[in-house]
Amino acid sequence: MYPTVADVLALPVLRQGHPRVVAGSAGLDRRVRWAHAAEVADIAHLLRGGELVLTTGVALPDDAAALSRYVTDLAEVGVSGVVIELVRHWNDQLPRALVSAAEECGLPLVTLSRETRYVAVTEAVNGMIVDAQVAELRAAERVHETFTSLTVAGAEPSAVLAEVARLTEQPVVLETLEHEVLAYDTAGTDPGELLTGWPARSRVVQVGERTGYHAAAGWLTTVVGARGHDWGRLVLVCAEPPPRRYRVVAERAASALAVHRLVTRDSDTLERQAHRAVLVELLNSPAPSAEILARASALAVPLTGRRLVGLALRPRITATTRPSLSTPPLLRELAETTALAARRAKVSALVSTDETAVRALLALSLDANVDAVLHRLATDIHDARLAAPAVLGVGTTVTGPADAQRTLVEAAHVAAAALDDAVHRPLHHLKDVRLRGLLHLLADDERVRAFAARELGPLLERDAASGSRLVSALRHYCAHGGNKSAAAVAAHTSRTAYYQQLARIEQVLGVRLEDPESMLSLYVALLAHDLSAATRPSEETPPGRGAQ
């Protein structure tokens with residue numbers, strides 16, 4: 001907002017006086033708050049700092065000690081510089097004591113070799129300052145209008161940060177109070193350079209006020225959230241001390257982010273959204289980029305030099321689950337419970353939700369006991385008072401980011417397959433889901449679907465046409481390994497009636513159920529059919545339960 005001493009010296013009204021910097025040239029970038037003409041030797045105690053003092057020198061002493069004291073006093077109150085006209089008191093040059101004192105204090109000392117109208121100088125300089133202040137106020141008003149519009153429109157944090165970067169042309173980062181990066185905009189700079197080592201760098205930057213500039217780090221920071229309920233910090237990366245306009249932008253952006261969090265309190269948190277973005281990239285890219293690795297590290301989840309374990313959690317929705325609870329709230333509750341369990345176990349983890357499950361990627365040290373960590377996490381999650389019990393699927397332990405996709409995909413398939421497992425385990429691995437797990441891995445294969453339709457098609461058509469329950473009877477028969485008596489009891493049907501159903505199944509399908517290969521083929525077809533039905537949008541079957 002304020003011009004520098006160099007800016008002032010470039011004004012035509014001063015250029016006419018042939019200005020020459022005789023001392024303190026290193027301070028020409030000092031800001032000039034006001035131009036003040038003063039023909040008094042002891043003027044220092046009347047000043048506030050930031051003034052450019054204009055004098056003819058007629059009231060200044062010739063005594064070396066007094067001249068040194070004059071300069072020292074001005075430097076102590078923080079004046080921006082001193083301009084002395086070489087016409088009335090000194091003609092050719094200033095006293096050596098005056099110049100030496102100014103150089104020692106780093107105070108810009110400028111001489112004018114021609115008579116200059118100081119009233120014109122003060123008008124020009126102070127007019128420049130007032131114009132800059134007016135421009136700053138107008139800019140602040142535009143900033144206010146911009147962020148008010150974003151707030152009213154419910155703009156996402158990414159849109160708010162993009163506007164901050166556009167208005168300041170500086171990188172900006174939104175982090176938690178634990179220094180994990182939630183969102184950022186690089187303003188065209190290298191994201192790896194911005195995010196690498198972020199948590200460690202951020203912890204040492206403390207400014208002691210809600211909005212402040214940390215000169216050593218080159219960060220302008222402002223706290224996000226209402227007083228007493230702060231949850232994050234907005235960081236504007238600017239190497240030079242920021243103008244007041246940047247502070248206004250940062251504070252208005254922080255307000256917009258705080259309002260967004262209040263309005264969207266029933267949706268995923270910013271932390272979950274940030275984790276989801278990284279997990280989606282890992283799932284879609286077999287070779288994670290350096291930016292993805294930097295983003296994960298900025299979330300305090302380093303992926304290199306770690307043992308990575310994929311985890312998938314799905315709520316087991318049963319008849320006893322409260323009907324008022326839909327899947328999204330259940331998943332959000334499960335995600336926060338998982339994240340809390342990871343923090344308690346002091347495990348770095350990316351945790352997010354998708355349409356049907358909670359995904360997590362654990363980043364463990366190379367010497368960690370994976371089984372012990374997983375057992376503790378599972379115990380914490382199952383002990384939590386969740387609205388619906390959870391099924392936990394675990395992928396293979398891998399040793400690098402390039403294999404993160406594999407362990408995440410495996411965990412998702414295991415959890416989906418384990419929903420129909422009659423045995424409730426704290427954790428489910430690939431070895432636990434066996435054939436059901438294989439079919440989940442092949443769920444999108446049209447050949448598997450065609451096989452199920454070919455094996456069961458006539459039976460499904462018969463049930464649909466006559467209202468019979470032959471498919472259900474076959475399911476009980478296969479589930480009990482061909483034991484007709486046990487299957488009849490499970491079906492709540494008399495033996496006679498059940499045996500008649502089995503005979504009708506053999507007649508419709510043209511097979512002998514006692515043939516091991518026939519029973520195996522039909523059982524595989526039933527599992528594949530149930531899997532297809534569970535993932536079909538039009539199905540009314542509750543998630544995780546096959547038709548009975």
Side-chain angles (χ1 to χ4, degrees), residues 1-11 14 24-36 47-52 77-81 106-108 122 124-151 159-175 184-189 194 202 205-224 232-258:
M1 180 167 59
Y2 297 115
T4 64
V5 174
D7 295 332
V8 171
L9 295 180
L11 290 173
L14 270 173
S25 58
L28 291 177
D29 58 349
R30 290 186 178 187
R31 297 289 172 177
V32 177
R33 187 182 58 80
W34 203 248
H36 186 71
L47 303 178
R48 294 169 48 196
E51 295 89 353
L52 180 65
V77 298
V79 301
S80 299
L107 181 67
T122 56
V125 175
N126 297 339
M128 178 192 295
I129 293 170
V130 170
D131 288 344
Q133 290 174 332
V134 171
E136 192 79 8
L137 288 174
R138 289 175 177 169
E141 184 178 2
R142 289 194 295 270
V143 167
H144 175 78
E145 292 173 351
T146 297
F147 286 104
T148 297
S149 298
L150 289 173
T151 301
V160 175
L161 297 193
E163 194 62 30
V164 173
R166 185 187 71 82
L167 291 171
T168 65
E169 299 182 343
Q170 305 293 334
V172 60
V173 174
L174 175 63
E175 65 172 8
Y184 64 93
D185 192 298
T186 64
T189 61
L194 175 66
S202 179
V205 178
Q206 302 296 330
V207 297
E209 51 187 327
R210 292 190 70 80
T211 301
Y213 181 68
H214 193 284
W219 286 9
L220 172 65
T221 69
T222 187
V223 176
V224 181
R233 190 168 70 161
L234 192 67
V235 179
L236 190 65
V237 181
C238 41
E240 299 295 328
R244 189 178 186 282
R245 180 171 59 87
Y246 285 14
R247 292 175 178 262
V248 174
V249 169
E251 290 174 346
R252 291 295 292 123
S255 297
L257 293 167

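Rounded to the nearest 0.5 angstrom, E240 CD and Y213 OH are separated by 6.5 Å. Once rounded to the nearest 0.5 Å, the distance linking OG of S80 with CG of L47 reads 10.5 Å. In this structure, CG on L236 lies 11.0 Å from CG on D185, to the nearest 0.5 angstrom. Rounded to the nearest 0.5 angstrom, T211 OG1 and R247 CZ are separated by 7.0 Å. For the atom pair L52 CG and R31 CZ, the distance stands at 14.0 Å (nearest 0.5 Å). Rounded to the nearest 0.5 Å, atoms SG (C238) and NE2 (H214) are 12.5 Å apart.
Evaluation of the side chain to side chain donor-acceptor pair (under 3.5 Å) rule for D7 yields T4 as partners, not counting sequence neighbours. Contacts of R30 classified as side chain to side chain donor-acceptor pair (under 3.5 Å), with partners at least two apart in sequence or in another chain: none. Scanning for side-chain contact (heavy atoms from CB on, under 4.5 Å) contacts around Q206 gives H179, R233, with sequence neighbours left out.
Without hydrogens or angle criteria, Q133 side chain to D131 main chain gives no donor-acceptor distance under 3.5 Å.
P171 and L194 make their closest contact through CB-CD1, 4.0 Å (heavy atoms, listed as atom of the first residue, atom of the second, distance). What you find for V172 and L161 is that their closest heavy atoms are CG1-O, 3.5 Å. The nearest pair of heavy atoms linking G27 to P108 is O-CG, 3.4 Å. Nearest approach of I129 to P3, heavy atoms of both residues: CG1-CD, 3.6 Å. Smallest separation of non-hydrogen atoms from A254 and L234: N-CD2, 4.2 Å. The minimum heavy-atom distance linking A35 with T122 is given by the pair O-CG2, 3.8 Å.
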Evaluate side-chain contact (heavy atoms from CB on, under 4.5 Å) for F147 paired with V164, printing each intermediate quantity in order. CA-CA 9 Å; F147 286 104; V164 173; 3.8 Å; yes
Take T189 and T186, measure what side-chain contact (heavy atoms from CB on, under 4.5 Å) needs, and give me the verdict at the end. CA-CA 5 Å; T189 61; T186 64; 3.5 Å; yes
Could you walk me through whether R245 and T168 pass the side-chain hydrogen bond (donor to acceptor under 3.5 Å, both in side chains) check? CA-CA 9 Å; R245 180 171 59 87; T168 65; over 6 Å; no
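Contact of the L28 side chain with the L9 side chain is registered, since non-hydrogen atoms from C-beta on lie closer than 4.5 Å. Contact annotation: the side chain of V237 never approaches that of Q170 to less than 4.5 Å [non-hydrogen atoms, C-beta and beyond].
Atom CD of E169 sits in a sparse spot, with 12 or fewer heavy atoms from other residues, nucleotides or ligands closer than 6.0 Å.
Between R166 and E163, at least one side-chain N (NZ, or NE/NH1/NH2) sits under 4.0 Å from a carboxylate O, which counts as a salt bridge.
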